[in-house]
Asker: 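Below is one structure. I have some questions about it.
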Amino acid sequence: MRKRSRLVTDRSLNFRTGTGRDDGGVDARARRAPRARFGLAQWMFVVPAGAYLLLFFGYPLVKNIAMSFQQYTTTTFYTGEAPFVGLQNYSKVLSANLFSQAVITTVLFTVGSICGQFVLGLAMALFFQHRFPLSRALRSLLLLPWLLPLVVSGTTWRWMLDPDTGVVNAALRGLHLSSSGVPWLTGTSQALVSVILINIWVGIPFNTAILYGGLLNIPTHLYEAAKLDGAGPVMSFRYVTWPLLRPVVSVVLVLGVVYTVKVLDIILVVTGGGPAGATETIATRAYELSFQQFEFGRGAVLSNVLIVFSLAFALLHLRASRRALTV
Amino acid sequence: MKPSPSRGRLSSTVVGIVLLALMLFPVYWMVNASLQPAGNLLGGDLFPLPPDVSGYVIALRDQGSNLLTSLVIALGSVALSLGLAAPAAYALAQFSLRGTNLVLLGVLITQMVPSIVVANALYSAYTDLGLLNSHVGLILADSTAGTPFAIIILHSFMRTIPREIIEAARVDGAGRVRVFRSMVLPLSSNALITAAVFTFLFTWSDFLFALTLTTTPTVQPITLGIYQYLGAHTEQWNAVMATTVMASVPAVLLLAVAQRHVTAGATSGAVRAG
């Protein structure tokens, strides 16, 4: 009997939750005690994931802020002593030449990577827009560079770009484009170009996949109409493709920036930040301060800079994706 | 004379193959280098003829246990991420809980948090808890990539399950947990596979947590193994490249077997790009 009545209550509750999306929570709970119990049972589905996310994202965010006001040294983890030093970490880190240099490198790395990935990814997506024999197979094989571990890609490229023994310089010499070879990894300006090129290679598949999906959603009758109006390929791209693709474009660009700003793997593997700090970004500096010099306080300052930057872009992303959904 | 449409399409195929060959050349070069004899520093040979597997012998000897470590951690992280994400996604999609949108917003934002931030804080916490150099520690840390991703993928699928089906099962007397286990999960198998594939790849590819949360070689994922190899064995490139080939196997396998799911995950837009 008890079981039966519980079932009925349960069902009516489900009905209620099934129809009223956001309303009625407080009312229903106030009127009926069982609501609270079932509300609790429902929340139990979310609690483990919620607790995990709080521990592994919420705690680190708070901890990083706390750490940025403390002084850590190599002995901190034995003695447990990390005295409060106020804004000292901030003033030291942010005023250092290394910081402004790292900011410039980060901006160059990010802008260069995103431009290259996007332009080439869009070109690929437009190319694949029209079906042809094998296009499906080729499109999925194209995803491979993106799925490989970054350490694997970085190692392979380091081998290929090796100034003396790499295949890239061998090809340049073979084609008589450069007699001595390009110091891809050892020249200060070339090294940054190299890591940007590698990151572009990694990012093309992702850009192609997302933009291709966006292109598929453009109704074909719009192209037909444009053709009837006498529009050539350039005009129909300008007046049909681009305006309708814009929301997807902003999602791709924002995700690209958020990802690129925090890239560590490729740089650490390919150049290790060198030569002479030429490829040090905010992310690699943060890693080195924390985990090589055990200056966790100063590392946390740079991590916080990254957080602020990422969250700003996260907000942009949310706006962009909401627009992508509503258009 | 206008070329016939079919000839135009065939020339697209040719161009496509050339483009793909260019894009995948580094992958070929990695395989090629792994099959060259040791000490072949010029590495200019286009084909590994005759193929020399000594690089693989050395790589397996040195890195075999690291491959196993990566496999254990990746599978563990798949289990943990899906175990956390599936019930949560179900509740967020079907229960109309108050605050659902806020939770989803939070989940989206976690995907933007740089891993170095998490690593900074976990290092000191793990030192106190004795979780450095442990499989459990790495599984927990690596699931920071898989869990939010899985919640988003599963949530967007589970929202499409008609509530009537679930109501009907409830009327027949099935409890919440049973409905979830024997109805919602089987219905969501495609989304679950997509989430599992990506969680596996995220963890398998992880480098930063491996680098920061291990201090001894006892528990060393393959990505870190390659990095250490790079520092020590630059004269044995065939062994280094053989290791990278073996570390690429899961990506290739999953692309071959679960291609549909990979494409689905890539185009969902929720993907963190890397």
Side-chain angles (χ1 to χ4, degrees), chain A residues 11 14 17-18 21 25 41-42 45-46 48-49 52-53 56-57 59-60 63-64 77 132-134 138 140-144 147-152 155-157 159-160 165 167 170 206 209-210 213 251 255-256 258-259 262 264-265 269 283 286-287 290-291 296 299-300 303 306-307 310 314, chain B residues 9 12-13 16 20 23-24 26-27 29-30 33 41-44 84-85 87-88 90-91 95-98 109-110 112-114 116-118 120-121 127 144 147 151 163 167 170-171 173 176 201 204-205 207-208 212 223 226-227 230 237 244 247-248 251 255 259 262-263 266-267 269 273-274:
Chain A
R11 191 178 137 208
N14 244 335
T17 48
R21 285 226 108 188
Q42 292 178 328
F45 279 83
V46 192
Y52 172 80
L53 293 180
F56 284 83
F57 286 106
Y59 167 73
K63 177 77 177 168
N64 260 273
F77 291 106
F132 52 83
L134 289 181
L138 293 177
S140 42
L141 274 176
L142 182 65
L143 285 171
L144 189 57
L147 295 176
L148 295 179
L150 288 175
V151 173
V152 166
T155 307
T156 305
W157 276 102
W159 167 240
M160 289 172 55
T165 62
V167 64
F206 174 74
I210 306 267
V251 169
L255 280 177
V258 168
Y259 150 74
K262 60 186 185 190
L264 267 163
D265 317 35
V269 170
Y287 161 75
S290 290
F291 290 97
F296 275 86
S303 299
L306 279 182
I307 293 174
S310 299
Chain B
R9 289 174 64 221
S12 288
T13 305
L20 201 79
M23 275 298 285
L24 295 189
V27 180
W29 204 247
M30 167 175 88
L41 266 180
L42 283 176
L84 291 170
Y90 173 53
F95 291 172
S96 308
L97 297 169
R98 283 152 57 80
I109 287 178
T110 59
M112 314 281 165
V113 175
I116 184 73
V117 173
V118 180
N120 266 342
T127 309
T144 51
T147 306
I151 291 178
R163 291 193 180 200
E167 314 265 306
R170 303 271 301 153
V171 174
R176 252 179 237 291
L201 288 179
W204 181 272
S205 313
F207 174 60
L208 188 63
T212 52
T223 47
I226 294 171
Y227 185 64
L230 264 181
W237 270 97
T244 63
S248 309
L255 191 59
Q259 181 214 320
V262 172
T263 330
T267 46

Asker: Could you check whether any side-chain heavy atom of B:W237 comes within less than 4.5 Å of a side-chain heavy atom of A:T155, counting everything from C-beta outward?
Answerer: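 Yes; the side chains approach each other to less than 4.5 Å.
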Asker: Quick check for you: among B:V27, B:V118, B:L20, B:V117, which has the greatest number of heavy-atom pairs under 4.5 Å with chain A?
Answerer: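 Max contact count across the listed options: B:V117.
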Asker: Any chance you could lay out the side-chain contact (heavy atoms from CB on, under 4.5 Å) test for A:K63 and B:N120, step after step, and finish with the verdict?
Answerer: CA-CA 9 Å; A:K63 177 77 177 168; B:N120 266 342; over 6 Å; no
Asker: Atom CZ in A:F57, atom OG1 in B:T144: separation rounded to 0.5 Å?
Answerer: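 Going from CZ on A:F57 over to OG1 on B:T144, the span is 4.5 Å.
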Asker: For a 4.5 angstrom cut-off between non-hydrogen side-chain atoms, does B:F207 reach A:P149?
Answerer: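 No - every pair of side-chain heavy atoms lies 4.5 Å or more apart.
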Asker: Could you tell me which portion of A:F56 (side chain, backbone, both or neither) has an atom closer than 4.5 angstrom to a non-hydrogen atom of chain B?
Answerer: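 Backbone plus side chain of A:F56, per the 4.5 Å heavy-atom cut-off to chain B.
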Asker: So, taking the atom named CZ in B:F95 and the one named CD in A:Q42, what distance separates them when rounded to the nearest 0.5 Å?
Answerer: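 Answer rounded to 0.5 Å: 5.0 Å.
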Asker: Report the distance from atom CG of B:L208 to atom CZ of A:F291, rounding to the nearest 0.5 Å.
Answerer: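 Going from CG on B:L208 over to CZ on A:F291, the span is 7.0 Å.
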Asker: Heavy-atom pairs under 4.5 Å with chain B - which of A:W157, A:Y52, A:Y59 has more of them than the others?
Answerer: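 It is A:Y52.
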Asker: B:T223 versus chain A, heavy atoms under 4.5 Å apart: side chain, backbone, both or neither?
Answerer: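 Looking at B:T223, backbone and side chain both touch chain A.
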Asker: So, for B:M23 and A:L142, which heavy atoms are closest and what is the spacing to 0.1 Å?
Answerer: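 In terms of heavy atoms, the two residues are closest at CG-CD1, 3.8 Å.
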Asker: Tell me whether A:T156 contacts the main-chain N or O of B:M30 through its side chain, where contact means a donor paired with an acceptor under 3.5 Å.
Answerer: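 No, A:T156 side chain to B:M30 backbone: no donor-acceptor pair under 3.5 Å.
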Asker: Nearest 0.5 angstrom please: B:T244 OG1 to A:L148 CG, how far?
Answerer: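 These two atoms lie 9.0 Å from each other.
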Asker: I need the residue from A:N64, A:V258, A:V269 with the largest number of non-hydrogen atom pairs under 4.5 Å to chain B.
Answerer: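 Result: the option with the highest number of such pairs is A:N64.
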Asker: Once you round to the nearest 0.5 Å, how far does CG of A:L306 lie from CD1 of B:I116?
Answerer: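 Going from the CG atom of A:L306 to the CD1 atom of B:I116 covers 8.5 Å.
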Asker: Side chain, backbone, both or neither: which part of B:Y90 has a non-hydrogen atom closer than 4.5 Å to chain A?
Answerer: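 The side chain, not the backbone.
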Asker: Is B:T13 close to chain A through its backbone or its side chain, or both, or neither, when contacts mean heavy atoms under 4.5 Å?
Answerer: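 Both backbone and side chain.
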Asker: Could you go through A:Y287 and B:T212, starting from their C-alpha distance and side-chain angles, then the distance that decides it, and tell me whether this counts as side-chain contact (heavy atoms from CB on, under 4.5 Å)?
Answerer: CA-CA 9 Å; A:Y287 161 75; B:T212 52; 3.9 Å; yes
Asker: Start with the C-alpha gap between A:V167 and B:W29, add the side-chain angles, then the distance that decides, and say whether side-chain contact (heavy atoms from CB on, under 4.5 Å) holds.
Answerer: CA-CA 9 Å; A:V167 64; B:W29 204 247; 3.5 Å; yes
Asker: Please report the shortest heavy-atom distance between B:A91 and A:V46, naming the atom on each side.
Answerer: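 It is CB-CG2, 3.5 Å.
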